[in-house]
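The chains referred to below are lettered A, B, ... by the order of the sequence lines, with proteins before strands, and numbering in each begins at 1. If you're wondering where the values come from, they're calculated on a predicted model, not measured in any experiment.
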Amino acid sequence: MFSDITWGQIGQASLETLYMVALSTIGAVVLGLPLGIWLYLCGPGGVAANRPLYQVLSVVVNIVRSVPFIILLIALIPITEWIVGTSIGVNAAIVPLVVGAAPFYARIAETSFREVDPGVVEAAQSMGASIWQLIFRVLLPEARPGLISGATITAVTLISYSAMSGVIGGGGLGDLAVRYGYERFETGVMLLTTALMIVLVEIMQWVGDRAAYHFARRER
Amino acid sequence: MLLIWLDGITHVYESGNRPVVALDDVTLHIEAGDIFGVIGFSGAGKSTLLRTINLLEKPSRGRVVVDGRELTALPKRELQEARKRIGMIFQHFHLLKSATVEENVQFPLALAKVPSQKAKRRVEDLLALVGLEGYEKHYPAQLSGGQKQRVAIARALANDPVVLLCDEATSALDPETTQSILDLLVDIHQKLGVTMVVVTHEMSVVSRICRHVAVMEQGKIVEQGGVIDVLLEPKSAVAKRLLGKRDGQLAGRFPGYEVKPDALLCEAILLGDLAYSPVLAQVAATHGVTFTILSGTVDVLGGKPYSHMVLDWHGDLDSVQAAWRRLRDVGAKVRPLRLAAAGEFELEVTG
Ligand SMILES: Nc1ncnc2c1ncn2[C@@H]1O[C@H](COP(=O)(O)OP(=O)(O)OP(=O)(O)O)[C@@H](O)[C@H]1O
Ligand SMILES: [Mg+2]
């Protein structure tokens with residue numbers, strides 16, 4: 001059933017997927033969180049409400065989000081080459097994964113901040129909080145459960161995105177599933193790799209839910 | 001000493017399709033050490049007025065001076081500094097739900113970069129002041145409304161404010177908890193001497209803790225003065241209506257009691273020591289008359305006890321009027337009531 005594929009390859013692919021998803025999730029959060037804060041602050045009713053700026057940011061985010069990932073993957077090749085030094089391989093795949101997921105995470109973060117009680121934000125302002133104090137001492141802690149669930153959703157989404165990175169030799173489980181399972185009709189490989197990805201999703205979801213629950217529990 | 005000076009404040013909300021004038025050329029002086037009430041019906045502009053004091057709302061026109069500093073002229077950084085000395089509490093508490101009681105109270109100290117050892121001691125003192133020792137590690141979700149408001153009060157006092165702004169601080173609480181929070185505010189006022197501005201739509205809050213009061217309607221202050229004067233002799237229609245809400249029974253009928261057309265009804269108000277004295281019974285006995293109490297309240301007004309009653313007097317006209325004169329002589333306010341056409345009672349305007 002597994003003609004020219006070894007368990008070693010499957011193990012390797014699993015690690016590649018984990019590596020890609022972990023790094024690109026971190027990248028998406030690192031870029032998306034400040035963007036989300038920015039969207040929130042200059043958005044409607046925000047502390048630094050600025051309609052034109054918000055609309056520009058919003059349109060950019062929406063454009064990136066609406067481009068199909070496979071197109072983003074190819075369109076970003078020059079930038080990837082510039083950042084990573086190569087346009088193929090696991091590391092090269094991380095760049096488009098981050099670019100694709102950061103605006104997604106930014107929107108989730110923006111929504112989480114909007115769910116912070118505006119009264120609390122106002123109370124902090126009445127106490128003389130600066131904008132940085134507001135971000136670090138109010139918004140981030142108060143929105144923490146939502147931000148963590150958002151990171152989980154992003155990571156899970158990235159697992160399926162990462163499957164497409166095979167196009168640029170990104171590797172990983174999804175790539176294996178497509179190359180062997182789909183293109184060579186090796187149903188066994190396809191089933192096994194898909195099952196592994198499902199397990200991966202389940203584990204991430206579980207870990208993320210536990211973390212979000214940990215912070216949200218005492219707040220209810 | 002003048003602590004708060006609002007000078008010609010106009011505030012227009014532009015949001016929505018037509019502008020709302022929430023404050024219309026309001027000028028207000030509040031003395032240091034006062035407990036100043038702002039009362040009015042919903043939408044009168046009370047919250048906007050309060051939020052103008054710490055510039056949470058920037059007025060469209062006018063100046064705000066607090067503690068000798070013109071806040072409306074300060075750049076952002078300095079305004080943030082000035083706000084640290086203006087505490088504020090809210091109807092819905094607005095505590096950080098992700099932080100413990102201790103962390104919530106420490107929050108303004110952290111904003112002001114107070115060293116953590118000093119802040120810790122301050123938090124302990126504050127929690128003792130509001131009666132929440134032992135709740136340090138609790139989260140707001142684990143507290144009752146009254147306890148949350150205590151945390152909010154401790155938080156508002158953390159940076160030794162010169163003024164405490166209270167926006168409907170007891171409106172989300174039951175009557176008993178309301179009383180305990182009002183007691184706490186009075187206690188804090190006595191201990192710390194902090195000036196308080198109390199926004200409310202409940203006359204009872206004003207009568208229980210305030211020294212001075214401003215009555216608002218449609219973005220204007222229509223009446224202001226000492227609480228005793230305004231509450232006992234309201235001049236504006238709004239103040240009368242707000243009082244009517246409290247003494248609803250006064251204007252209404254007395255169920256099951258037949259008031260004769262020639263009944264000698266009066267409203268009697270006893271203030272201060274008089275409220276707790278047997279003066280009514282004594283005077284009635286001296287003049288050989290009796291009375292029925294149709295309604296009555298005993299409460300605290302501007303820090304003094306007072307009682308407010310509607311009485312139906314029995315006896316001949318001369319004796320009853322002599323009794324009323326005697327009561328006025330000892331300091332009671334006695335105002336005759338007459339039966340209006342619809343069978344309702346009205347205050348008769350007398351000299
Ligand atoms: N953010 C806002 N945008 C537009 N209009 C507002 C805003 N806040 C208040 N208003 C309007 O301004 C007027 C005064 O409101 P304000 O909240 O000061 O009244 P209030 O006396 O505090 O009433 P309440 O007792 O209901 O709290 C109202 O007509 C209200 O609709
Ligand atoms: Mg209000």
Side-chain angles (χ1 to χ4, degrees), chain A residues 33 36-37 40-52 54 109 111-151 210-220, chain B residues 15 47 50-51 53-58 71 74 76-101 103-113 137-143 151-152 155-159 161 163-167 172:
Chain A
L33 192 56
I37 292 173
Y40 166 78
L41 290 176
C42 71
V47 174
N50 182 333
R51 214 181 140 88
Y54 180 73
T111 310
S112 306
F113 292 132
R114 260 183 229 303
E115 273 159 21
V116 173
D117 179 1
V120 175
V121 173
E122 184 175 280
Q125 284 184 293
S126 82
M127 288 181 257
S130 67
I131 203 122
W132 292 107
Q133 287 175 322
L134 197 65
I135 292 171
F136 286 101
R137 293 187 179 273
V138 180
L139 293 176
L140 291 176
E142 290 288 288
R144 191 160 45 195
L147 294 174
I148 292 172
S149 317
R210 293 290 304 184
Y213 177 75
H214 172 76
F215 288 110
R217 183 191 39 182
R218 56 194 195 186
E219 294 171 7
R220 274 195 289 269
Chain B
S15 64
S47 298
L50 193 74
R51 295 154 52 83
I53 296 176
N54 60 3
L55 247 52
L56 276 180
E57 297 291 351
K58 300 236 164 33
L71 301 190
L74 294 180
K76 200 164 90 189
R77 239 339 107 66
E78 283 176 50
L79 174 62
Q80 283 167 0
E81 280 311 305
R83 277 179 177 164
K84 294 189 171 123
R85 304 299 307 283
I86 305 178
M88 191 169 196
I89 58 173
F90 308 84
Q91 179 174 4
H92 297 293
F93 326 119
H94 298 339
L95 300 174
L96 294 160
K97 66 179 162 66
S98 62
T100 60
V101 164
E103 289 161 351
N104 265 291
V105 179
Q106 203 173 335
F107 179 76
L109 297 168
L111 294 184
K113 304 196 171 67
K137 305 290 179 209
H138 284 60
Y139 283 88
Q142 301 167 314
L143 302 177
V151 177
R155 179 176 72 173
L157 294 172
N159 281 321
V163 55
L164 181 64
L165 308 176
C166 313
D167 194 353

Interchain contact, B:A110 with chain A, by part (heavy-atom threshold 4.5 Å)
both
Check B:L95 against A:V120 and note the closest heavy-atom contact, atom names and distance.
O-CG2, 3.4 Å
Looking at A:A124 and B:L111, what are the two nearest heavy atoms and their distance?
O-CD1, 4.2 Å
Among residues at least two apart in sequence or on other chains, which ones pass side chain to side chain donor-acceptor pair (under 3.5 Å) with B:E81?
B:K84
Stepwise side-chain contact (heavy atoms from CB on, under 4.5 Å) test for B:M88 and A:Q125:
CA-CA 10 Å; B:M88 191 169 196; A:Q125 284 184 293; over 6 Å; no
Contact origin within B:F107 toward chain A - heavy atom pairs under 4.5 Å:
side chain
Which portion of A:V121 sits near chain B, non-hydrogen atoms under 4.5 angstrom:
neither
Between chain A and each of B:N54, B:L79, B:L56, B:L55, count heavy-atom pairs under 4.5 Å; write down the option with the most.
B:L56
Could you give the distance from CD1 (B:I53) to OG (A:S126), rounded to the nearest 0.5 Å?
12.5 Å
Engaged part of B:P108 at the chain A interface, taking heavy atoms whose separation is under 4.5 Å:
both
For B:T100, check side-chain contact (heavy atoms from CB on, under 4.5 Å) against everything at least two apart and list the hits.
B:E102, B:E103, B:Y139
A:E142 to B:S98 - nearest heavy-atom pair and separation
OE2-OG, 2.6 Å
Which distance, rounded to the nearest 0.5 Å, do you find between the OG of A:S130 and the NZ of B:K76?
8.5 Å
Determine the minimum heavy-atom distance between B:R155 and A:A123, stating which atoms define it.
NH2-CB, 3.7 Å
Counting only non-hydrogen atoms closer than 4.5 Å, does B:R51 touch chain A with its backbone (N, CA, C, O), its side chain (CB onward), both, or neither?
side chain
